[in-house]
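Nothing here was measured: the structure is a model prediction, and the numbers come from that model.
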Amino acid sequence: MSAELGAALGDQPPQSFGELTEAQILLLAAALRRERESRAAGLGDAAEEALKLVPALARGPVRRILFR
């Protein structure tokens with residue numbers, strides 16, 4: 001089974017994934033990677049929106065503390 005899928009899952013894939021073709025495994029791994037990137041971007045956007053609740057003078061220090 002593809003090591004790329006294991007890396008995308010962050011764990012050993014279930015045995016049933018052994019029935020997938022190499023092309024299907026690569027497609028699944030790519031889809032998982034895109035979804036993680038999308039979620040990470042969404043979290044970053046949400047964090048920036050939340051910082052708007054912090055007074056302007058404190059945003060820089062708060063951003064540095066939270067996102068080192």
Got a second to check how far Glu19's CD is from Gln24's CD, nearest 0.5 Å? 10.0 Å
Locate the shortest heavy-atom distance separating Phe17 from Leu28; write the atom from each residue and the value. CE2-CD2, 3.5 Å
Does this structure show an ion pair linking Arg39 with Glu35, if we count only N-O contacts that are shorter than 4.0 Å? yes
Tightest non-hydrogen contact, residues Ala8 and Ala29, listed as CB-O, 3.9 Å
Evaluate whether atom CG of Leu53 has more than 12 neighbouring non-hydrogen atoms of other residues, nucleotides or ligands under 6.0 angstrom away. yes
May I ask you to decide whether Glu49 forms a salt bridge with Lys52, counting only side-chain N to carboxylate O separations under 4.0 Å? yes
Close side-chain approach of Val54 to Leu51, heavy-atom, < 4.5 Å: yes
Could you measure the distance from the CG atom of Leu9 to the CZ atom of Arg33? Nearest 0.5 Å is fine. 11.0 Å
